[in-house]
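In what follows, every heavy atom counts, from backbone to side chain, and hydrogens, waters and symmetry copies are set aside. First the proteins, then the strands, lettered A, B, ... as listed; each starts at 1.
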Amino acid sequence: MKSEPDTFGIDDLYNKPTQTEHWDGVRNYQARNMMRDDMKLGDQVFFYHSNCADPGIVGIMEIVKEGYPDFLAFDPEDKHFDPKSDPENPRWMMVDVKYVRTLVRTISLKELRPLEELEGLELVKRGNRLSIMPVSKDQWDFILSLE
DNA sequence: GCCAACGTTGGC
DNA sequence: GCCAACGTTGGC
């Protein structure tokens, strides 16, 4: 899962009282579908810092609440408000994530991109802008072995 | 700040 | 249903 560290980084999650936060503001159908259908309680997730000096994987989180309506979409005052979503028929979903740990170092996109083992990883595909993407068990283990 | 890549919107 | 216009993402 990607987030911009200037907006909400791994340290912000760490500093939450319960080290837990809802992953709000996702307004992309593919990403929504993954939160709604694929992410299960206890699943581990990489925290990725995007749009910053050194984009890459910085930590690990865990799903502590499965997909439910993104209530910010209902709030006209909120920047993520979407008039087409309402409580009767919510268009956008989110999950709750909990901090697990920060990696001892950032595993940068630059470093991951050329690795043969990660061919097929969504993150390193050209032009990828998805903010949530799947990682296979093999890819996960391999990436962590680089830490 | 630039710009390529991509998703969404809306006229037709 | 096509596709041009537009807005956004995110690496660099």
- Message: At 4.0 Å (heavy atoms only), tell me whether A/Lys125 reaches a base, stays on the sugar-phosphate, or touches nothing.
- Response: nothing
- Base, sugar-phosphate, or nothing: which does A/Lys2 touch, judged by heavy atoms less than 4.0 Å apart? sugar-phosphate
- Task: Please figure out whether A/Gly127 or A/Asn51 has its closest DNA chain B nucleotide nearer the 5' end.
- Result: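 This one resolves to A/Asn51.
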- Message: Using heavy-atom distances to pick each residue's nearest nucleotide on DNA chain B, tell me which of A/Arg126 and A/Tyr29 is more 5'.
- Response: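 First, find each residue's nearest nucleotide; the 5'-ward one identifies A/Arg126.
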- Query: So where does chain A start and stop touching DNA chain B, 5' to 3', when the test is distance under 4.0 Å to a non-hydrogen atom?
  - Reply: B/dA5 to B/dT9
Listed by chain and number, what are the side-chain hydrogen bond (donor to acceptor under 3.5 Å, both in side chains) partners of [X], not counting sequence neighbours?
X        : result
A/Gln30  : none
A/Asp75  : none
A/Arg129 : none

- Message: The criterion is side-chain contact (heavy atoms from CB on, under 4.5 Å); which residues satisfy it with A/Ser85, sequence neighbours excluded?
- Response: A/Ala73, A/Phe74, A/Asp82, A/Pro90, A/Arg91, A/Trp92
- Query: Looking at A/Tyr68, does the NZ or CZ of A/Lys65 lie under 6.0 angstrom from its six-membered ring centre and within 45 degrees of the ring axis?
  - Reply: yes
- Item | With A/Tyr14 via ring pair (Phe, Tyr, Trp, His ring centres under 6.0 Å) - residues at least two apart | A/Tyr99
